[in-house]
Structures are given as C-alpha cells and as structure tokens.
There are 2 protein chains.
Amino acid sequence: MPDPIDSRLPETLRKLLPVEVQTLCAFSPCTRGDVLFRQGKKPARMLYLTRGEVVLQRVGRQGESVVLQRARRGFIGEASLESARYHCDAVVTASGEVVAMPIVSIRQALAADSAFARRWVSMLNQEVKRLRAQCERLSLRGVKERLLHLIETEGDAGRLPLGSGLKSMAAELGVSHEALYRAVAALEKQGMLLRQENHLILTGGV
Amino acid sequence: MPDPIDSRLPETLRKLLPVEVQTLCAFSPCTRGDVLFRQGKKPARMLYLTRGEVVLQRVGRQGESVVLQRARRGFIGEASLESARYHCDAVVTASGEVVAMPIVSIRQALAADSAFARRWVSMLNQEVKRLRAQCERLSLRGVKERLLHLIETEGDAGRLPLGSGLKSMAAELGVSHEALYRAVAALEKQGMLLRQENHLILTGGV
DNA sequence: CGTACTTTTGAATCGCATCAAATCTGGTGG
DNA sequence: CCACCAGATTTGATGCGATTCAAAAGTACG
C-alpha cells in the first residue's frame with residue numbers, strides 16, 4: 001500500500017500533481033537563514049513553499065547579492081526540472097514550511113500523464129506572466145511607481161501582505177531600503193497608502 | 001493530402017512542433033511599425049519570429065511605454081496559449097518574418113502528444129530562465145553593469161547582435177538612450193568593448 | 001534631395017544610493 | 001522580569017549618476 005497522502009498538502013498541489021507524486025511529497029519546516037539550495041548544486045527534489053518566505057538570489061562578481069525573486073508560496077526554482085545545476089541560491093527569509101518531491105517522479109509523470117503535463121504548462125505560463133510583470137516593474141522610474149505597481153499586480157484587491165518586512169521587499173524592488181521606507185512614508189502622508197497588520201493597503205487616495 | 005511542410009521552417013520549430021502543426025504554419029513578412037497584436041485582443045494564432053525584431057510593451061497610466069521584452073527570434077507571447085486576452089502589445093521594430101500557427105492546434109497537440117508536451121515544457125523553462133536573468137539585469141545599478149550583463153547572458157561568446165540599434169536596446173535595459181550611448185562610448189574608451197558590423201563585442205579589456 | 005530616424009554631445013536638475021546615527025522591535029539568556 | 005543583542009525601522013546629510021531638455025551631426029530610404 002502506498003503512503004497515504006498527507007492531509008496538509010495544499011489545495012494547489014492537490015489539483016496540480018497526480019496522485020502518485022502526491023504520495024511522495026515530504027514536508028519539512030524551514031527556518032530563517034536556511035539555505036534550501038545553492039547555485040551550482042545538482043537539483044534532486046522539487047520544492048514547494050507553503051508558508052514563510054524564500055528569496056532566490058545570485059551573487060554578482062563584486063559579491064553583492066541580487067534578488068531574482070521573493071516567494072511566499074509556490075514552487076521554488078521550477079526550472080530545476082531540467083537543469084543540471086541550480087543557477088541561484090534559495091535562502092529562507094521567514095520561517096515556514098516546504099514540501100519536497102523527487103524531480104524524477106515529476107519528470108516521469110509529465111511523460112506519462114498528459115493532463116498533468118497540461119496543468120504544468122499552465123503553471124509555467126503563469127510564472128512567465130509574473131516574471132514579465134516583474135520586469136515591467138523594474139523598468140519603472142521612481143520608487144513610488146514600483147511600489148504601487150507591486151501592490152496592484154501582486155496584491156489582492158489592493159492589499160499586499162508584508163512577509164518579513166519592508167527590507168526584503170526593497171531588495172525585490174531593486175531599491176535601497178531607506179528609499180522604500182521614505183516612499184511608503186510619503187505615500188501614507190499623501191493618503192494613498194495604509195499600513196495595517198503587516199499589510200500594505202492601497203486607498204483611493206487624493 | 002495535407003499541405004507540404006514549408007522548407008523555410010526554422011530548425012527550432014522543426015524539432016519542437018509535431019508534424020501536424022508544422023503543416024499548419026503560415027509565413028508572413030512583417031515590417032517596422034507593424035503591430036502583431038494589441039493588449040486586450042483575443043489570441044488566435046501563436047507567433048514565432050524568424051527574422052527582424054519585435055518589442056513586447058505595455059503602456060503605463062501616464063502613457064509611457066514600458067518594454068517587457070525585446071525578441072529577435074522565438075515565440076512572441078507564449079503565454080497566449082492559455083490567455084483569453086493579450087496583456088501587452090507586440091510592435092515590430094525591425095522588419096523580418098513571422099511564422100503563425102493556430103493556437104487551437106497547439107493545444108490539441110499538447111494534449112495528444114506527450115513528447116511534444118515535454119518539449120514545450122522545456123521551452124517554457126528556458127523562457128523562465130531568460131526572464132529571471134532579465135530581472136537580475138534590471139536590478140543592477142549603473143548602465144555599464146547592465147550592458148555587460150546583457151552581453152554576457154544574451155550574447156554568444158561575448159558577441160551581441162544589435163538588431164535595430166542601441167536605442168531599442170536602451171529601452172530593454174530600462175535606461176535612457178543617451179545614458180546607453182555614453183556608457184558604450186566609455187567602455188570603448190576603456191577598451192572593454194568593441195563595435196563592429198552591428199555587433200557589440202566584449203574584449204578582455206583593462 | 002528631403003524626411004525621419006538614430007547617434008552624439010552638452011548642460012542643468014533630480015532622485016536615489018550611500019554613509020551615519022538614533023530609535024524601535026522581538027527574541028534570548030541571565 | 002530585566003538586561004541585552006541583532007535586526008528592522010526611521011531620519012538626516014552628501015554626492016554621484018541618470019534623467020531630462022536641447023541641439024547638432026550623421027544616416028537610411030523613398
């Protein structure tokens with residue numbers, strides 16, 4: 001008898017993954033500072049973040065770390081499905097939990113289960129869209145515009161959860177944290193923004 | 001008897017697409033200024049650029065156009081596979097040629113042909129990687145760093161074709177064209193960069 | 001040959017990075 | 001419980017680099 005499917009498995013994975021992969025899912029907690037994988041390492045397991053916050057980053061040649069993505073939920077480094085090596089680091093910035101599953105089993109399932117392949121394509125399409133939006137955001141001039149764009153595109157009806165504080169968000173926006181703090185303060189003074197319970201809330205404003 | 005496969009079909013598509021989709025490919029020239037599709041329109045055909053240059057852009061609320069991507073070869077807006085609407089405009093910036101195929105046939109092929117689905121996933125993975133690289137690039141401070149990063153990641157052994165000039169590249173890098181011209185000039189003076197035959201060439205340099 | 005565009009250079013201005021320092025916060029161990 | 005520490009938050013001052021506006025020169029194309 002195969003392993004029973006863990007009842008903690010999030011809805012998304014339940015709908016996405018075929019049963020035989022679901023039974024292979026393993027849960028593990030992750031704490032702030034953990035490194036889920038490192039650039040150059042060989043991927044063995046596909047990771048899905050259910051709680052907490054993870055940052056994908058790469059170190060430039062001057063040793064500065066560039067944030068590629070900040071994830072609060074979803075697959076971490078989906079491209080590792082076919083990559084021989086990770087091309088960035090994954091660092092936990094807020095404690096939470098990850099689901100791990102063998103990459104091999106996903107590859108097999110993609111080949112054998114066409115409905116699953118279709119769902120996987122759909123997931124990748126969403127990822128492409130999100131990344132295009134992030135590129136658009138990073139092309140904007142001015143911290144305020146980037147922040148508003150972030151809340152509009154990633155938020156839910158103008159509400160954006162803050163994860164592990166504004167500082168990590170600043171890195172994702174490609175600005176210094178000081179600049180972001182000032183932008184938030186200015187927008188609050190303008191009445192366009194509200195800070196409540198670890199959320200940024202967009203108000204109609206002036 | 002089905003249509004014969006057009007001999008102009010590029011190698012990439014020949015390897016990617018199943019034969020029944022290849023026979024449905026239609027070629028059409030595109031000239032500078034053409035709009036391949038517009039934000040909000042319903043996607044009917046999947047487009048693949050073989051020659052020329054196309055820019056995917058979205059207009060901000062102040063009417064400024066933000067470049068999401070600049071393509072010289074490859075699918076234009078793959079995400080339209082599942083989208084009800086395009087979420088950006090596609091404008092031709094350098095005359096060339098596009099291959100068009102019905103989206104419906106691709107969807108059908110994805111469902112019926114698991115090997116094709118696997119290749120499609122592979123293509124999307126590459127796209128995700130490229131977009132992550134672009135995000136990384138846009139996070140870099142300074143025009144020079146962004147330019148060097150572009151040549152390193154998108155170029156071929158330090159050689160990057162210039163498509164339709166530096167101006168469109170400036171938009172992709174998220175900087176003003178003046179700043180890019182100055183950066184190129186400075187890097188040339190430093191001996192790190194060379195301009196030849198519509199190419200930017202990275203030299204070991206000082 | 002004229003038109004439209006890119007390329008190039010100059011000058012003024014502004015926003016953000018950077019450095020610095022003070023305050024606040026949550027969490028730890030005594 | 002309190003002292004303490006590491007990190008986040010906040011505010012200030014300064015300088016650099018990019019944007020912006022402007023204008024001239026080069027270039028492709030009909």
Side-chain angles (χ1 to χ4, degrees), chain A residues 31-34 52-53 55 60 62-67 70 91-95 137-148 161-190 193 195-200, chain B residues 31-34 52-53 55 60 62-67 70 91-96 137-149 161-190 193 195-200:
Chain A
T31 41
R32 178 193 181 75
D34 283 359
E53 186 179 271
V55 165
Q62 278 88 27
E64 81 286 10
S65 76
V66 181
V67 172
R70 192 180 58 121
V91 181
V92 177
T93 51
S95 301
R137 187 180 311 132
L138 289 170
S139 295
L140 295 176
R141 334 250 158 234
V143 181
K144 289 185 192 175
E145 293 210 11
R146 291 193 195 176
L147 177 57
L148 294 177
L162 270 183
S164 67
L166 286 182
K167 206 175 173 185
S168 76
M169 183 187 286
E172 189 189 12
L173 288 175
V175 300
S176 68
H177 62 275
E178 296 97 325
L180 180 56
Y181 286 127
R182 284 188 250 256
V184 169
L187 288 172
E188 276 186 310
K189 190 176 288 182
Q190 275 186 264
L193 201 61
R195 270 180 94 170
Q196 272 178 12
E197 316 147 13
N198 221 33
H199 277 261
L200 285 184
Chain B
T31 41
R32 178 192 180 76
D34 283 359
E53 186 179 272
V55 166
Q62 278 89 25
E64 82 286 9
S65 76
V66 181
V67 173
R70 190 179 60 120
V91 180
V92 177
T93 51
S95 301
R137 188 179 311 132
L138 289 170
S139 295
L140 295 176
R141 334 248 159 238
V143 181
K144 289 184 192 177
E145 291 211 10
R146 291 192 195 176
L147 177 59
L148 294 177
H149 184 281
L162 270 182
S164 68
L166 286 181
K167 205 175 173 185
S168 77
M169 183 187 286
E172 189 189 11
L173 288 175
V175 301
S176 67
H177 62 276
E178 296 97 326
L180 181 56
Y181 286 127
R182 284 188 251 256
V184 170
L187 287 172
E188 275 186 312
K189 190 176 288 182
Q190 276 186 263
L193 200 62
R195 270 180 94 171
Q196 274 179 10
E197 316 147 11
N198 221 34
H199 276 261
L200 285 184

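Quick note: numbers below take in every heavy atom, side chains included, and nothing from hydrogens, waters or symmetry partners.
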Using atom [atom1] of [X] as one end and atom [atom2] of [N] as the other, report the distance to the nearest whole Å.
X	N	atom1	atom2	answer
Leu162(A)	dG7(D)	CG	C1'	16 Å
Lys167(A)	dT25(C)	NZ	C1'	13 Å
Asn198(B)	dT6(C)	CG	C1'	12 Å
Arg146(B)	dA18(D)	CZ	P	9 Å
Leu173(A)	dA17(C)	CG	P	11 Å
Leu200(B)	dT7(C)	CG	P	11 Å
Met169(B)	dT6(C)	CE	C1'	14 Å
Tyr181(B)	dA18(D)	OH	C1'	16 Å

Over all atoms of both residues, closest heavy-atom pair of Leu187(A) and Lys144(A):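 Nearest heavy atoms, Leu187(A) then Lys144(A): CD2-CD, 4.0 Å.
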Taking every non-hydrogen atom, the tightest pair across Gly33(A) and Val91(A):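 Closest approach of Gly33(A) to Val91(A), heavy atoms only: O-CG1, 4.4 Å.
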Kindly indicate whether the side chain of [X], heavy atoms from C-beta on, has any atom under 4.5 Å from the side chain of [Y].
X	Y	result
Leu166(A)	Met169(A)	yes
Leu140(A)	Leu148(A)	no
Arg137(A)	Leu173(A)	yes

Main-chain N/O of Ser95(B) paired with Thr31(B) side-chain donor or acceptor, under 3.5 Å: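 Checking the backbone N and O of Ser95(B) against the side chain of Thr31(B), no donor-acceptor pair under 3.5 Å is found.
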Backbone of Gly174(A) reached by a side-chain donor or acceptor of Arg141(B) within 3.5 Å: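 Present.
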Heteroatom pairs (N/O) under 3.5 angstrom, protein to nucleotides 21-30 of chain D:
unit_1  : atom_1 : unit_2    : atom_2 : d
dC21(D) : N4     : Glu178(B) : OE2    : 3.0

Full working for side-chain contact (heavy atoms from CB on, under 4.5 Å) between Leu162(B) and Leu200(B): CA-CA 7 Å; Leu162(B) 270 182; Leu200(B) 285 184; 4.0 Å; yes
Set of salt bridge (charged side-chain N to carboxylate O under 4.0 Å, His left out) partners for Glu178(B), sequence neighbours left out: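 So Glu178(B) forms no salt bridge (charged side-chain N to carboxylate O under 4.0 Å, His left out) with any residue.
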Five-pair end axes of the helix from dC1(C)-dG30(D) to dG30(C)-dC1(D) and the angle they enclose, rounded to 10°: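 Computed from the C1' atoms at both ends, the axes differ by 50°.
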Between the protein and nucleotides 12-16 of chain C, list every N/O to N/O distance that falls short of 3.5 Å.
unit_1  : atom_1 : unit_2    : atom_2 : d
dC16(C) : OP1    : Val143(A) : N      : 2.8

Residues forming a side-chain contact (heavy atoms from CB on, under 4.5 Å) with Ala94(A), sequence neighbours excluded: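 Listed in chain order: Glu53(A), Ser164(A).
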Non-neighbouring partners of Ala171(A) that pass side-chain contact (heavy atoms from CB on, under 4.5 Å), sequence neighbours left out: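 Ala171(A) satisfies side-chain contact (heavy atoms from CB on, under 4.5 Å) with Val67(A) once adjacent residues are dropped.
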Touch class at under 4.0 angstrom, heavy-atom based, for Arg32(A) against every strand present: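 Result for Arg32(A) = sugar-phosphate.
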